[in-house]
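Just so you know, these numbers use all the heavy atoms, side chains as well, and skip hydrogens, waters and symmetry mates. Small disclaimer: the values here were computed from a predicted structure and weren't measured.
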Amino acid sequence: MDSTMTKRNVTTSTTTKISDLFREVDHTDNNGPSASNGENQQMISDELPSISSIQQQQQQQQQQLQQCQQSLMTSNDDYPLPQHVRPPNPLQHASIWSKLTFSWAYQPLLAVGSKRPLEEIDLPELDPVDTSHYQRQKLQQLWQQQHQQQSKNDHTSLAKALLKDYFRSTWLAQVLLVIQMVSRIGQAVALGYLLQTFEEDPVVPDDRRILASGFFWAGVLTICGAISFPAKQLQFFETYRKGMQTRVGLVAAIYAKTLRLPSTMGKHSDSHSTTTTKTTNTNDNKTSNKKNVSSSASPSSSGQITNLASNDVERFLVTSVSSIYLIYGPLEAIAIVLVGVYTVGSSFAAGLVFLVAVLLPLQFYLSRKFVRLRSAVAAKTDARVGWTAQALTGARTVKLNGWELQLQQRIQKLRNEEIHYIQSSTRYKAFNEAIYFVASLTISVVIFSVDVFVAGNELSARKVFTTVSLNNILQMTLARLIPNAIMGLSECHVSCRRIQNFLQQPELLEDQEIMNRSSSRSSDVPTNGFVMSLNHVTSYWESSKDVCINRADQNNRSVAVKDVTLQFLPGTLYTVVGKIGSGKSALLSTLAGEMTVGHGSIDRNYSSLSYAEQEPWIMNGTIRENIVMGEKFEQSQYDKIIFACGLEPDLQSFAFGDETIVGERGVQCSGGQKSRIALARIIYKDAQVVLLDDPLSAVDAKVAQHIFRYAIQELCVNRQKCVIMVTHQQAFMEPRSRCILMSDGMCQSFESYQALSAEHPETHVEIPSRDSCVEENLPKLFSSEVNLEITKSEESDHPKSQESELVANMETKNTGLIRWSTWVAYLAAMGGWPVLIVFVSIFVVTQSALLLTIVEIGNWSEVDPQEQTSLNWLRKILGFTASVVSLSFLRAMISFFILVQASNRLHLQVLKAVMLAKIEFFDCNPIGRILNRFSADTGICDEILPLTMFDFLVGFFMAMGSLITAVVVLPHVLVALPFLLWRFWKLRQLFVKTTRELKRLEGISRSPCFALLSESKDGISTIRSNGFIPYCSKKFESFHDAHTRAFFSFVPASRWFAFKMDGIAFCLVAITSLLAVLLRSEGWFSIDPVLLGLALSLLLQLAGTNFPWMIRQSAEVVNQMISVERLLEYAAAPQELPLFSPFDEDHKDWPIKPSVSFNDVSVRYRRNLPRVLSNVSFSVAPSTKIGVVGRSGSGKSTLVQSMFRLLNTDEGNIELDGLDISKFGLHKLRHSMSVIPQQPFLFSHCTIRKNLDPFGNHDDSAILKALGSVQMLDTVTMTLPNGLDTIVAEGGSNFSVGQRQLLCLARAILRKTKILVLDEATANVDVATSKLIYQAIDKEFEQATIISVAHRLEAVITYDRIMVLGDGQLLEYGQPKELLAIPGGHFVSMVTAQGITF
């Protein structure tokens, strides 16, 4: 392919990328990049599911609904067991009356919830329009329509597309809102005319006219109320459901985008940015700096993606309810003003002037401030969640190095910055809440003052309470709903911009199209003999967009492989060799379609490809799921692959065989097991081209021989598959295999290994004979693998029991009431009982001041008209009003400050507990599950719970004031009040009992979504190149729909409860008004019109807003306290032993002599599990070098973990320098040793300097010296223009696995401890580099004690002593010569297997 072939239409708007990411992946080519990419990788139609298909689903669900209802009718009242069949969606076939009253929500969900705790199977099926699949397609359709309608000079906006769809989709809610508004205004007018009948002369028994007028207006008041509250609840349900659907679509889009991100995003980006800055002119510096910042920020990091899918999308839920008021709220305000002027007088317009001139400008000012703070909060949350994710991912490395406190301080520092912005934003929320509370009062005072002192009119009960009632309506609309809509839309705008920026990130699809454009053939038999041909191919780390934009500047691109020309034949094994960092993995990534091809062409003539990365990707599921990955299951083929990959003994050792859940990142498997599972996966795929990146480095020699013979040779090469394998073990280079030597991104191809070694003698290694068959000794071969560790280490020493299997992989769910301890803990986080007393007192004082002010206004209206104009009354009313305003602002500020500080303290408790938790906590809990606590649950405690609790307390005290006033003024209310209160209490008990479990189910169902999102981000190369996108997409849709089921079930349940609460409040108003007319008309009771107006206006406010809102918010407080409960659950995580001990101070220079002694040490992972080390005893003299060898699963890494007390001894003790290590604090112990773990870990978005010296203890010269010792000096200082300031990409992806391992080794060299532990530290580097590294270790740690775990015996064969472990026992220990002299010894057999000669 000519270089011009890669020139694409780079001016095409990035908006098309968002369209592409929504394309359904079910019909994509499952075989990775292929020749027919343009034909086979077709996406499904953008059309939504057909109406007929939805109708068919609805008919099926109707039959299921009838069966479910029939079974419910015949079942007993106790509901002893959950349903075994999920109930169908009851909404689809509900009657009009059922929809109007929300009775469809009662059966079966609330009915079951009232009898027993709900289970997941009790949740009804989703309506097809609420599913993840449907909403993702709909969002794609909206984006395409917006893109087509935009003008040439306008950019497509995701926010505009969503806003247009919102108003189109909520037409029914808009009609209901108008009906609700009209009925509420009608109630206020009817109240005024009802009071007017009480102001007339006393009624005589035969005065039918006045009697009829009173009953008429009381009837109008009642009828308007009967219309208002059903319309309100239906409108709320429609808009909230729309917000949920928007959230579902956005989360689905975020996941779909994650599967299309380049796996090499961020690689070498920093060097590129810096070079651009250096080579461009001054005018370009600003742009270059932006690139550098962007790169550092890593816009597609796991932390940011998690934050987008958890916090940002939540903004659309609440905002969807209030957004509709931006249009209809002002219309309602105008209608109220017109009605007020007509019924009260022209003075009513003064209230509108005050509203427009003061309140609305203030709301817009608060909104603008809030937008800026919201962006800052989101950025700080991204950073905090990102660092938390890194701390969780590298928990083992953090603990081994004793960095818990430093990382905790760094995260808490970010948290403090986040809290600073949250507190600032909540101050504006507090202002908004205070304005809402005083809006009605202040507007009424303005109207009355103008009416009396300017217009010279007389106040009356009718005028006062009509005004108050109308202003109460305005209070909710203009002081709460519209400001909430403004702030909510501001937040949504910020979130939309963040989500759109993420969705417009460069995608790999462009790279695949560039790479495959030259080919259009796909067949099982290549037409030209080659399955793949590379013609002068140069690939880059940057995405295709960056390559195309910067094509004019050739020096600024980061080359991965350069000018490669290769041809690959079927039925041939190609081994790729070369030094570390030479480009071996980059070559395979290019062949897999994961690299950007900037020059040359790749001709692909195969139908399928499979790719196993150097770091095996294992998802959280069963072993069988990880191997089959959605392919058709064939037992015979599966059994052959299990045998060929040496997994038979492992499956026999697990309690559940291949149904064993391996945990996140394969946490329950050893490194060798993970590598073999990944190998079995790609072989099961049965692809024509097989790419293997160092698959044998994680297993011992005999297992490697078995895998090479039966898996690679028999199942791949002998079946005419083209196998391209990177390896550092030249022992597996057969004479027939062809060799590719990589060096600095360039390659040389050789017909055989002999030809390679002849031209490059430094690569020559004596190849042992593999004529001896290992099949007959297979049981003995794997005998030491029968017991498997349950850690993230290289070992795996014992199978899990059924109980531990379930406990380790299932998230716990509490049931029943929120425990009293949770409330007490939250109170303690608030500041304890003194703070609570202050908290409650200010609410009581503020509410009392409000009621006293209203009473004074009523008294003002009763005095003579001449006295009403007295300035004393004006001063008194204004003084009371000013006190209410001041108290309301003070109350809001104090409340939000206390509640946000409580959230901050809870976060600190959880952070401390998690950072200091035992390692088994991280082994048993997926990172996504833990991160869910630090993202979604913390977000609820930060922003949602404070507002909900404040609203509840305000509504509670207002409701209490209204009821007390009504009872004092109208004692006859007591006739109905006890029954209504009893009914309210029973309904609330039922609602809280059910929705509490729903919220718990929602929290649990949310974790798998985040876990799979994180897993998919980490394994995107494996998922995409092997064609697993359809499988992962369906799995995510299943998890996502499960979460939506739990969330949606709460929505109708809450509307059902709100409908019942509105009904109770409606009955209270109706009974009060009708009884008042009846009692006065019969002359049984004398009622003051002013007091009646006060009581009825308060009751109308109670029925219309305060009471239902307060009850709903009280239930929401309980539901949101589940997040507090979930945080406190992790705050009680099992802790490690103390980090510090008084014994440390007495031995500051310990260890002086680095001797090590194990005395009858036995170790187990948990109390209920068997021992993984049994009675191990040995001694290591100071400055001795010990090699630890053994089969996979023999206990080598367990030995290392016990030295660092990641695992505590069950029996016996370990001594360093003659002192029992259990007497020291963990930090003293761990700082006294250095360790290089098998799985290297680097901190993302930090410089190389910060990774090597995280806390600034060394200067650059020492750092550079350490890099030179591990053969990385030239790579850092010459290859990377930024040198030590190069930013490490997420997961260290801008370095190879071997380079990451070397950087970790350099980190250990800088520490210069007296004891160094190496756990397969050079497993991923070539033999020559390995020798140089061990020479450097010998030099740097000449006086240190070195304990090295190794599979390569040549790395430790020259050590002072060799330790052979097997089945957790010490088999042999002595000098190498002594062990080699034992006939038939364990060490002898291992040396023979690896073909080492002396």
Side-chain angles (χ1 to χ4, degrees), residues 58 60-127 130 230 233-234 236-237 240-241 813-818 979-980 982-1005 1042 1044-1064 1108 1111-1112 1114-1116 1118-1119 1122:
Q58 291 176 346
Q60 295 174 358
Q61 291 187 358
Q62 185 175 16
Q63 296 174 358
Q64 295 175 4
L65 178 61
Q66 293 172 352
Q67 296 173 359
C68 181
Q69 290 175 340
Q70 190 174 19
S71 65
L72 286 171
M73 294 173 62
T74 58
S75 61
N76 60 54
D77 294 334
D78 295 331
Y79 293 92
L81 295 173
Q83 298 292 322
H84 294 288
V85 178
R86 189 179 303 283
N89 190 292
L91 174 61
Q92 293 177 325
H93 311 290
S95 65
I96 295 177
W97 175 255
S98 179
K99 290 180 180 179
L100 187 66
T101 61
F102 291 94
S103 59
W104 62 270
Y106 184 78
Q107 286 284 3
L109 195 65
L110 288 162
V112 174
S114 65
K115 302 296 182 181
R116 60 166 173 81
L118 290 173
E119 302 292 341
E120 202 279 332
I121 194 64
D122 297 319
L123 304 181
E125 290 285 0
L126 286 176
D127 190 310
D130 294 325
Q233 298 307 329
L234 285 171
F236 192 98
F237 173 75
Y240 202 76
R241 185 186 187 189
K813 179 180 85 74
N814 295 316
T815 57
L817 297 172
I818 300 293
F979 171 76
L980 294 177
W982 173 83
R983 178 64 175 161
F984 148 71
W985 184 251
K986 298 298 289 184
L987 289 171
R988 187 185 181 279
Q989 280 185 316
L990 187 154
F991 173 70
V992 171
K993 185 176 182 180
T994 302
T995 55
R996 183 177 55 235
E997 302 307 318
L998 287 175
K999 281 295 183 180
R1000 284 169 173 155
L1001 288 171
E1002 182 203 344
I1004 291 175
S1005 62
T1044 306
R1045 269 196 302 272
F1047 182 86
F1048 179 73
S1049 296
F1050 173 79
V1051 177
S1054 62
R1055 290 309 96 214
W1056 174 85
F1057 178 66
F1059 182 88
K1060 299 294 184 182
M1061 292 301 99
D1062 282 348
I1064 291 175
I1111 298 302
R1112 286 196 299 270
S1114 71
E1116 281 296 309
V1118 174
N1119 292 329
I1122 292 174

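Every residue two or more places apart in sequence or in another chain that forms a salt bridge (charged side-chain N to carboxylate O under 4.0 Å, His left out) with R241 is listed here: D127, D130. Partners of F979 according to the side-chain contact (heavy atoms from CB on, under 4.5 Å) rule, which considers only residues two or more places apart in sequence or in another chain, are W982. The side-chain contact (heavy atoms from CB on, under 4.5 Å) search around L980 returns A976, I1064, C1067, L1068, not counting sequence neighbours. By the side-chain contact (heavy atoms from CB on, under 4.5 Å) test, L110 is found to be paired with Y106, L990, T994, A1053, W1056, residues two or more places apart in sequence or in another chain being considered. The side chain to side chain donor-acceptor pair (under 3.5 Å) check on E120 picks up R86, R1045, with sequence neighbours excluded. Judged as a side chain to side chain donor-acceptor pair (under 3.5 Å), and not counting sequence neighbours, K1060 has no contacts.
Counting only distance, with no hydrogens or angles, the side chain of S1005 and the backbone of L1001 share a donor-acceptor pair below 3.5 Å.
Within the 4.5 Å cutoff, the side chain of S1114 has heavy atoms near those of the R988 side chain. In this structure, the side chains of L118 and R1000 stay at 4.5 Å or more apart for every pair of heavy atoms. With a 4.5 Å cut-off on side-chain heavy atoms, P124 and L109 count as touching.
Here CD of Q989 is found 10.0 Å from CZ of F984. Values are rounded to the nearest 0.5 Å. Atom CZ of residue F1050 and atom CZ of residue R1055 lie 8.0 Å apart, to the nearest 0.5 angstrom. In this structure, the separation between CZ on F1059 and CD on Q233 is 8.0 Å, given to the nearest 0.5 Å.
Shown here for S98 and A94, the closest heavy-atom pair between the two residues is OG-CB, 3.9 Å. Across all non-hydrogen atoms, the minimal contact from D122 to E119 is OD2-N, 2.8 Å.
Between F102 and F1057, the distance from one ring center to the other does not fall under 6.0 angstrom.
Of the candidates L123, N1119, I1122, L123 is the only one forming a side-chain contact (heavy atoms from CB on, under 4.5 Å) with L998.
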*Given S1054 and F991, is the side-chain contact (heavy atoms from CB on, under 4.5 Å) satisfied, shown in steps?*
CA-CA 8 Å; S1054 62; F991 173 70; 3.9 Å; yes
